[in-house]
Every structure is written in C-alpha cells, then in structure tokens.
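To keep things clear, I will list the structure first and then write my remarks on it.
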Amino acid sequence: MVRCLSGRLSTKLLNISIASFCKAERLEKAEGLIIDGIRLGILPDVVTYNTLIDAYCHFVSVDAAYFVLDRMREAGISPNVITYNSLIAGATRKCQLSRSLDLFDEMLRMGIPPDTWSYNTLMNCFFRLGKPEEANRLFRDILLGDLSPSAATFNIMINGLCKNGYTNNAMTLFRKLQAYGFVPQIITYNSLINGLCKARRLKEARCILKELGESGHFPNAITYTTVMKCCFRSRNFDQGFEILSEMKSKGFTFDGFGYCTVIAALVKTGRIQVATEYMKEMVSNGIQLDIVSYNTLINLYCKEGKLEAAFRLLDEIEKRGLDCDAYTHTIMIDGLCKARNIKGAQQHLAYMNTMGFDSNLVAYNCVVDGLFKVGQIDNAMNMFESMEIKDSFTYTSVVYNLCKAGRFHFASKLLIICLRSGMKILKSAQRAVLDGLRDSGYTAEAKKLRSKIRKARLLRH
DNA sequence: ATAGGGTTAG
C-alpha cells in the first residue's frame with residue numbers, strides 16, 4: 001500500500017519534471033528522465049506519454065510523436081482521448097490535414113469517444129481543408145449532441161467562416177451568440193476584425209474594433225498588427241503609421257514579421273530615414289534575420305541607392321548558408337535598373353533564369369522598364385514582345401514609357417488593346433497618352449481615345 | 001485546440 005502510494009507520487013513528480021523539460025523544448029532530457037525513472041522503478045503512465053507526444057508534435061513531427069504512441073502501447077498503456085487530441089492537433093498544425101482525419105477515425109476505431117476538443121480540432125482541420133460545410137456539420141453535431149461547445153468552438157467557427165469567405169455567416173453567428181449570452185473573447189474579436197479587413201469591409205471592422213474597446217478587453221499586439229496591415233494593404237499608409245505609433249506607445253514590441261511589415265511600408269512611402277532607424281532597431285534587438293528580413297533590408301538599401309551595401313548583404317546570406325529566393329533576385333534586379341546599371345540587371349536576370357526561377361514576371365517588368373529608362377527603346381520593345389506573360393504592370397510601364405519616347409500613336413494603340421481586354425492601366429499612363437496626342441496636334445485622335453476610355457470604364461462598372 | 005504576420009515591379 002505504502003509502496004503503491006509512493007510509486008504513484010513518484011510518477012506524478014516524474015511527470016511534472018518531464019512536463020517542464022518538454023515545455024523548454026528539451027526532449028532528450030525528458031527522455032532521459034523516463035529511463036532514469038524506469039531504473040528506479042518509477043513507471044511512466046498515460047500522462048507521461050501524453051506529455052511527450054504533445055511535445056514531439058510541437059517541436060519535432062507527428063511521425064516522431066506516433067513512434068512514442070507505439071512505445072506507449074508496447075509498455076501496455078492505452079492511449080486516451082488526450083493522446084489523440086494532441087496527435088490530431090499536431091497534424092492539423094503541420095498541415096497534414098488528411099492525417100488528422102485518419103487519426104480521428106483511428107480514435108473512433110479504438111473505441112475512444114471524442115470530446116469537445118477533438119471536435120474543435122477537427123472543425124479547424126475541415127476549415128483549413130476549405131470544407132466549411134463539413135466543419136459546420138460537426139458544429140451542429142456538437143450543438144445537438146451530448147457535448148457542450150466551448151468558447152474555442154465558437155472562435156474556430158467564426159475564424160473558419162471568415163477564412164473561407166463566409167464573412168456574412170461569421171457576423172451572423174457572432175451576433176446570434178451574443179444574443180444567447182456568449183461573451184466574445186479577444187480571439188473572437190481579432191478573428192472577425194481580420195476577416196472583415198480582408199473582405200475590405202472596413203466600416204464593419206471599425207465597428208467591431210469599437211465594440212472590442214467597449215467590451216472590457218484590450219486590443220493586443222495581434223489586434224494592432226491586423227489593423228495596421230489592413231491599412232497598408234488598402235494603401236492608407238498614414239493611418240497605418242498612426243496605429244504603429246499608438247502600438248509603440250502602448251509598449252508592444254515587434255518580432256521579425258512586424259519589423260518587415262513596417263520597414264516595407266516605410267520604404268514604399270519613401271520614408272527611408274525612418275525605415276533605416278527601424279532596421280537598426282531590429283538588428284540591435286537581436287532578431288535573427290531570415291531570407292525575408294534580408295530581402296526587406298536589401299530592398300531598403302537599393303531604394304537608398306546603396307548597391308554596394310545590398311551586395312554585401314547578398315554575401316552575408318551566402319555565408320550564413322541561407323538561400324536567396326525569387327524576391328531577393330527581383331529586388332536586386334530592380335535595384336540595378338533604378339541605378340541605371342541595365343547591364344548588371346540583365347546579367348542578374350540571366351543568372352536568375354539559370355538558377356531555375358521560372359516565370360519571373362516581376363523581374364522582366366523591371367528590366368523592360370529599366371531599358372526604357374536608359375533610352376534603349378527598341379531593346380525594351382523587343383523584350384516586351386518576347387514576354388509570354390504580361391500583366392497590368394507590364395502594359396502600364398510600356399504605355400507610359402512609349403509616351404515619354406514620343407511614340408503616342410503606338411501607346412494609344414496599346415492602351416486600346418488593354419481597355420478591350422479589361423487590363424487595368426494606371427490613370428497617369430492614360431493621361432500621358434491623351435496629353436501627348438493632344439499636345440502634338442492630334443486633337444481628334446485624343447478625343448476619340450477619351451471617349452473609348454469612358455466607354456471602357458462604363459463597361460467595367 | 002482557436003486570433004495576425006513579413007519581402008519585389010508600373
């Protein structure tokens with residue numbers, strides 16, 4: 001009796017120690033403890049294995065966790081609902097969605113009844129699979145069955161509906177739940193705000209943000225970055241920067257993601273000085289630079305015209321054993337074009353092609369524009385004609401640059417083709433064609449073009 | 001278990 005009790009107590013202690021090692025991502029230590037325990041006669045139990053499985057799911061892989069499940073069975077311990085919940089959540093987190101479904105089936109086959117957590121995780125999995133009907137079916141099962149929904153159930157529903165484009169349904173559900181007395185959590189608000197922002201329903205987003213303020217919850221870093229990003233996306237840069245300063249004054253700090261967002265927005269709006277300050281802050285905060293952060297910084301240097309500094313960062317990337325991606329090369333190509341080093345840009349484009357980055361539409365657009373800018377009109381047009389894929393950037397640039405070169409008729413012809421195909425051309429480029437025709441005496445042609453532009457606009461609305 | 005998230009061209 002005493003032995004048994006002390007054994008159980010020891011297992012409890014063992015589990016606590018293992019949990020703390022797992023939390024610290026020190027899985028070898030946790031494994032070591034299990035071995036030590038067995039030597040001392042302290043046997044691991046279901047909690048021990050569940051802790052380990054959850055940690056392997058988080059820090060290693062679902063496969064690794066599954067091996068622990070095998071060991072668990074060999075030790076004669078049966079998995080329970082928590083074991084499977086961890087595995088299912090792990091698979092969902094790692095985007096192994098069909099595996100989540102398999103694990104759920106396996107759990108049912110083993111005669112382990114799923115709980116609300118299992119259903120929540122599975123709902124989330126279906127939403128990620130882009131199958132909102134399936135998720136909704138599970139939601140109904142929960143509501144009509146013996147299980148009771150948790151706050152997470154509602155959050156997953158609202159978030160999943162938004163992510164799948166059912167923002168209206170998410171709003172309706174939100175209001176219904178409120179009417180039933182559900183008190184939204186900060187996660188609920190953030191999900192909705194993000195969904196509304198992405199759906200460009202900024203008025204409603206603002207409304208929910210206001211409700212959040214009145215709810216007793218406080219906006220957190222996620223709320224701020226969501227709204228800030230929304231502003232940048234809709235090109236309300238000033239408003240975005242206001243939110244940024246409010247965020248800073250509240251003491252929220254950035255990680256690499258946040259810094260990149262902010263620096264890119266500052267660069268886009270020409271605030272190079274401030275961007276540089278943020279860059280310094282990011283580096284001095286000890287944030288480990290990854291390829292995206294490098295791209296952001298290289299872009300900053302390019303926009304400053306500091307090509308040597310940009311090349312130095314390229315070397316650094318190599319030294320650190322990271323791989324440049326399509327963004328890195330495109331940013332460099334654009335930088336070289338803007339520095340009027342068109343030869344260097346073309347060389348880099350060729351290099352990019354040999355590296356196997358295909359369909360570099362952006363890079364080609366940059367070089368076409370660059371060729372125009374250095375006055376190589378024919379080369380630019382040759383390249384333009386050789387491009388298999390073109391987009392509104394390509395055409396806008398070509399139309400505008402043709403005008404700069406005085407080829408208004410050609411520009412006009414191209415513009416009409418674009419209008420007919422529904423390709424969007426920047427107003428400034430359209431303006432350039434009209435003004436060019438008129439100023440060079442082709443008033444009638446300018447008039448005709450103007451009316452064509454109007455008609456095309458009518459068709460679009 | 002559930003919320004956000006970074007980089008390029010006209």
Side-chain angles (χ1 to χ4, degrees), chain A residues 54 57 82 85-86 88-90 92-93 100 115-125 127-128 150-160 162-163 184-195 197-198 219-230 232 254-265 267-268 282 287 289-300 302-303 324-335 337-338 360-370 372-373 390-401 424-429 432:
Chain A
D54 196 53
C57 280
I82 296 175
N85 284 351
S86 289
I88 296 169
T92 300
R93 214 181 302 118
S100 298
D115 62 7
T116 303
W117 271 28
S118 324
Y119 273 97
N120 288 351
T121 313
L122 205 63
M123 276 164 50
N124 193 33
C125 177
F127 275 126
R128 286 210 194 176
S150 61
T153 314
F154 301 132
N155 293 337
I156 289 168
M157 276 306 292
I158 288 172
N159 182 51
C162 286
K163 290 275 160 61
Q185 301 177 309
I186 183 70
I187 294 181
T188 328
Y189 285 110
N190 285 346
S191 295
L192 259 185
I193 291 168
N194 186 46
C197 282
K198 286 243 167 89
N220 60 16
I222 294 180
T223 323
Y224 277 105
T225 48
T226 303
V227 178
M228 184 172 71
K229 190 80 227 260
C230 174
F232 291 151
F254 292 121
D255 55 10
F257 283 81
Y259 275 113
C260 288
T261 313
V262 170
I263 292 171
V267 171
K268 267 194 197 117
M282 172 162 92
I287 285 175
L289 300 184
D290 62 5
I291 190 62
V292 178
S293 337
Y294 275 116
N295 291 344
T296 311
L297 300 188
I298 291 174
N299 188 41
L300 171 56
C302 283
K303 292 295 183 296
C324 294
D325 61 8
Y327 281 92
T328 326
H329 296 306
T330 308
I331 290 165
M332 283 309 300
I333 289 168
D334 185 51
C337 286
K338 295 286 193 303
N360 333 308
L361 177 59
V362 180
Y364 275 93
N365 284 347
C366 293
V367 175
V368 169
D369 192 69
F372 273 118
K373 292 277 170 0
K390 298 163 182 146
D391 66 358
S392 68
F393 279 86
T394 329
Y395 285 103
T396 298
S397 158
V398 171
V399 167
Y400 184 80
N401 282 306
K424 261 195 185 150
I425 300 294
L426 272 194
K427 282 260 169 62
S428 54

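Residue numbers begin at 1 in each chain, while the letters A, B, ... track the order of the sequences. What you see below is based on every heavy atom in this structure, not just the backbone, and it leaves out hydrogens, waters and symmetry mates.
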Counting the atoms with a prime plus P, OP1 and OP2 as sugar-phosphate, which does Lys198(A) contact under 4.0 Å by heavy atoms, base, sugar-phosphate, or nothing?
sugar-phosphate
When you check the phosphate oxygens OP1 and OP2 of dA9(B), does a side-chain N or O of Lys268(A) lie under 4.0 Å from one of them?
no
Of the options dA9(B), dG4(B), dA1(B), whose atoms approach the side-chain atoms of Trp117(A) most closely?
dA1(B)
Between dG4(B) atom P and Ile158(A) atom CD1, what is the distance in whole Å?
13 Å
Of all the nucleotides listed (dT2(B), dG6(B), dA3(B)), which has the minimum atom distance to the side chain of Asp290(A)?
dG6(B)
I need the single residue from Asn155(A), Asn220(A), Thr226(A), Asn159(A) that forms a side-chain hydrogen bond (donor to acceptor under 3.5 Å, both in side chains) with Asn190(A). Which is it?
Asn220(A)
Do the side-chain N or O atoms of Asn194(A) get closer than 4.0 angstrom to the phosphate oxygens (OP1, OP2) of dG4(B)?
yes
What nucleotide, of dT8(B), dG6(B), dG4(B), holds the atom closest to the side chain of Val362(A)?
dT8(B)
Can you figure out which of dG6(B), dA1(B), dA3(B) approaches the side chain of Arg93(A) most closely?
dA1(B)
Can you check whether any acceptor in the base of dG4(B) is under 3.5 Å from a donor in the side chain of Thr225(A), or vice versa?
yes
Short side-chain to backbone donor-acceptor contact, Thr330(A) and Val362(A), under 3.5 Å:
no
Rounded to the nearest Å, what distance is computed from the CE atom of residue Met157(A) to the P atom of nucleotide dA1(B)?
21 Å
Spacing between Phe257(A) atom CZ and dA3(B) atom C1', to the nearest angstrom:
15 Å
Tell me if the OH atom of Tyr294(A) is crowded by more than 12 foreign heavy atoms within 6.0 Å.
yes
Starting the side chain at C-beta, find the nucleotide from dG4(B), dA1(B), dG10(B) nearest to Ala152(A).
dA1(B)
Asn299(A) vs dT7(B): side-chain N/O to OP1/OP2 distance below 4.0 Å:
no
What does Ser86(A) touch in the nucleic acid at a heavy-atom separation under 4.0 angstrom: a base, only the sugar-phosphate, or nothing?
nothing
Once you round it to whole Å, what is the distance between C1' of dG6(B) and OH of Tyr259(A)?
13 Å
Under a 4.0 Å threshold between the charged nitrogen and the carboxylate oxygen, would Asp391(A) count as salt-bridged to Lys424(A)?
no
Is Tyr327(A) stacked on the base of dT7(B), with ring centres under 5.5 Å apart and planes under 30° apart?
yes
Ignoring backbone atoms, establish whether Lys303(A) has a side-chain N or O less than 4.0 Å from OP1 or OP2 of dA9(B).
yes
Quick one: Phe393(A) CZ to dT8(B) C1', roughly how many Å, whole number?
9 Å
Taking any heavy-atom pair under 4.0 Å as a contact, classify Asn401(A): base, sugar-phosphate, or nothing.
nothing
Among dT8(B), dG6(B), dG10(B), which nucleotide sits nearest the side chain of Lys338(A)?
dG10(B)
Rounded to whole Å, the CG-P distance (Asp115(A) to dT2(B)) equals 15 Å
Suppose we call a contact any N or O donor and acceptor under 3.5 Å apart; does that hold for the side chain of Asp391(A) and the base of dG10(B)?
no
Locate the shortest heavy-atom distance separating Arg128(A) from Arg93(A); write the atom from each residue and the value.
NH1-O, 3.8 Å
Nucleotide dA9(B), atom P - distance to NZ of Lys424(A) in whole Å:
19 Å
What is the nucleic acid contact for Asn220(A), judged by heavy atoms within less than 4.0 Å: base, sugar-phosphate only, or nothing?
base
Taking atom types as they are modelled, would you say the side chain of Thr396(A) forms a donor-acceptor pair with the base of dG10(B) within the 3.5 Å cutoff?
yes
Should the heavy atoms of other residues, nucleotides or ligands under 6.0 Å from CG of Leu289(A) be counted, would the total exceed 12?
yes
Taking only the side-chain heavy atoms of Ser191(A) (C-beta and beyond), determine which of dA3(B), dA9(B), dG10(B) contains the nearest atom.
dA3(B)
How close or far is atom P of dG10(B) from atom NZ of Lys390(A), stated in whole angstroms?
19 Å
Ring pair (Phe, Tyr, Trp, His ring centres under 6.0 Å) filter on Tyr224(A), not counting sequence neighbours, yields Phe252(A)
Phosphate OP1/OP2 of dA3(B) contacted by Asn159(A) side-chain N/O (<4.0 Å)
yes
Go through dT2(B), dG6(B), dG10(B) for me and flag the one nearest to the Ser392(A) side chain.
dG10(B)
Indicate, with a heavy-atom threshold strictly under 4.0 Å, whether Lys163(A) touches base, sugar-phosphate, or nothing.
sugar-phosphate
May I ask you to verify whether the side chain of Ser293(A) and the base of dG6(B) hold a donor-acceptor pair under 3.5 Å?
yes
